[in-house]
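Structure first, then comments.
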Amino acid sequence: MIKITFMGAGSTIFARNVLGDCMCTPALRDAEIALYDIDPVRLMDSQLILSAINKNVNEGRADIHTYLGPENRKEALSGATFVVNAIQVGGYDPCTITDFEIPEKYGLRQTIADTLGIGGIMRGLRTIPVMEDFARDMEEVCPNAWFLNYTNPMAILTGFMQRYTSVKTIGLCHSVQVCSENLLKELGMEDRLEGRTELIAGINHMAWLLNIHDRNGEDLYPAIRQKAFEMNQAGGHKDMVRFEYIRNLGYYCTESSEHNAEYNSLFIKSRYPQLIEEFNIPLNEYPRRCIKQINEWEEEKKSILNNGAITHTRSLEYASYIMEAIITNRPYKIGGNVLNQGLIENLPSDACVEVPCLVDGSGITPCHVGRLPVQLAAMNMTNINPQLITVEAARTRNREMIYQAAMLDPHTSAELSIRDIRAMVDELIDAHGDFMSMYR
């Protein structure tokens, strides 16, 4: 029997999408589903919603169980075929609040702070110890399971699991499969969508649309570059940072402009405050989203349940398609986060990269890409450097390496002195309390 364990099942919307997808997939409908979380209220919310989907769209085929707290974690994982990870260590309150408020006190502004920047570094440092516990349990009770990681910071967490545990791990993001579709729609090129071919590779949240052709083999990039330039000249839209990438680097990347604004030293600059308005950069965007979601959750839950009439249609999330391909041996192509073992030749071998992967009954096989254009590899390296140091800081519990990761983060180092970086890191570690006690 297939067993799917969902770690962080209190992420109810995401659990609904992934596990609802599984219930819509014939090869997965009869699975045992284990929901694990440390929050009893959100765990029960997820059980309620998923049980309703199971009844309404799956004729009750799935066998759903809940597991609360670390003392029940091994039981939740025992015998799992697939483990989906969607945890957020420390949650919005207190940890996300801390990751924004303390850096802002030092003059460091952020937008999302979950992947890179000082917020992404802190999130990685407090999450790796928890995921290491997951890995040790999995090595004992489900050593053959695939670990499907959706938690950010993707490259930091997935890279740690792939380098320092024996767990079969793939990192998955939403942005790859919608990248070119959203771009063409945004530029008014919907007529070129059907039958297009493309190649995307790089690192998570900064993987590059390296080429794109329509059904007739015509290169779409000349038109994309021209239209993106014209849109940025007009201004006022939400994708201005990535369109500026196209103008200056030649290529579009996978994750949103609000994310990419904080992955470099070019846009959020205290000496150039006008850039925030010019490039439509939403500072403190993630806290606003969190507050809105928290305030609206009870109403949203009622809407989802719809008086028990909840239904579900299979989404574009990779998880169920990966599981289906492995179980049925029917090939499926994804963009996955894997160790760079000869895949992208001008990035380090210990980096976690995002490349096309083939999924079938033998597992997940990454595809060779070759060399990135040198300017794209260089942009990736500005993010890979702090990622690798953060992984080592978490592995060794070496506080000095935390300072070094922050010093090499592009946005942080462009704004703050070494003295202020060290002071900010110290204050963040202290403020995070038990979540960061291993680094004291």
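Side-chain N or O atoms of K302 include none that pairs as donor or acceptor with a backbone N or O of E298 at under 3.5 Å. No donor-acceptor distance shorter than 3.5 angstrom exists from the side chain of N346 to the backbone of R371, with no hydrogens or angles considered. For H411 (side chain) and I118 (main-chain N/O), no donor-acceptor pair under 3.5 Å exists by modelled atom type. Side-chain atoms of E317 do not come within 3.5 Å of backbone N or O of D21 as any donor-acceptor pair. Checked by atom type and distance alone, the side chain of N337 never pairs as donor or acceptor with a backbone atom of A155 at under 3.5 Å. For the pair N54 (side chain) and A62 (backbone), a donor-acceptor distance under 3.5 Å is present. Put simply, the side chain of R225 gets close to the backbone of G250: a donor and an acceptor are under 3.5 Å apart. In this structure, N306 contributes its side chain and G308 its backbone to no donor-acceptor pair below 3.5 Å. No donor-acceptor pair closer than 3.5 Å links the side chain of T412 to the backbone N or O of D409.
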For salt bridge (charged side-chain N to carboxylate O under 4.0 Å, His left out), just list the numbers for D45 and K301, CA-CA rounded to whole Å, side-chain angles, deciding distance to a tenth of an Å, and then say yes or no. CA-CA 8 Å; D45 284 345; K301 183 171 70 172; 2.9 Å; yes
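A salt bridge links K185 with E181: the distance from a Lys NZ or Arg NE/NH1/NH2 to an Asp or Glu carboxylate oxygen falls below 4.0 Å. Look at E392 and R163 and you find a salt bridge, because one of the NZ, NE, NH1 or NH2 atoms lies within 4.0 Å of a carboxylate O, short of that distance. Salt bridge annotation for R242-E186: absent, with no cationic side-chain nitrogen under 4.0 angstrom from a carboxylate oxygen. A salt bridge is defined here as a Lys NZ or Arg NE, NH1 or NH2 lying under 4.0 Å from an Asp or Glu carboxylate O, and E132 with R136 meets this definition.
Proximity of R192 to I212: side-chain heavy atoms (C-beta onward) are nowhere separated by under 4.5 Å. Contact of the M323 side chain with the I2 side chain is not registered, since no non-hydrogen atoms from C-beta on lie closer than 4.5 Å. Annotation: side chain of V355 is not in contact with side chain of C367 (no heavy-atom distance under 4.5 Å). Here the side chains of T382 and N264 are not in contact, with every heavy-atom distance at 4.5 Å or above.
Side chain to side chain, H65 and D63 meet the donor-acceptor criterion of an N or O pair below 3.5 Å. In summary, the side chains of D239 and Y252 do present a donor paired with an acceptor at a separation below 3.5 Å, with no hydrogens or angles considered.
Taking the six-membered ring for Trp, Y251 and Y221 have ring centres closer than 6.0 Å.
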N/O donor-acceptor pairs under 3.5 Å from side chains in residues 85-95, not counting sequence neighbours:
{"residue": "N85", "atom": "ND2", "partner": "N149", "partner atom": "OD1", "Å": "2.8"}
{"residue": "N85", "atom": "ND2", "partner": "T151", "partner atom": "OG1", "Å": "3.2"}
{"residue": "Q88", "atom": "NE2", "partner": "T96", "partner atom": "OG1", "Å": "3.3"}

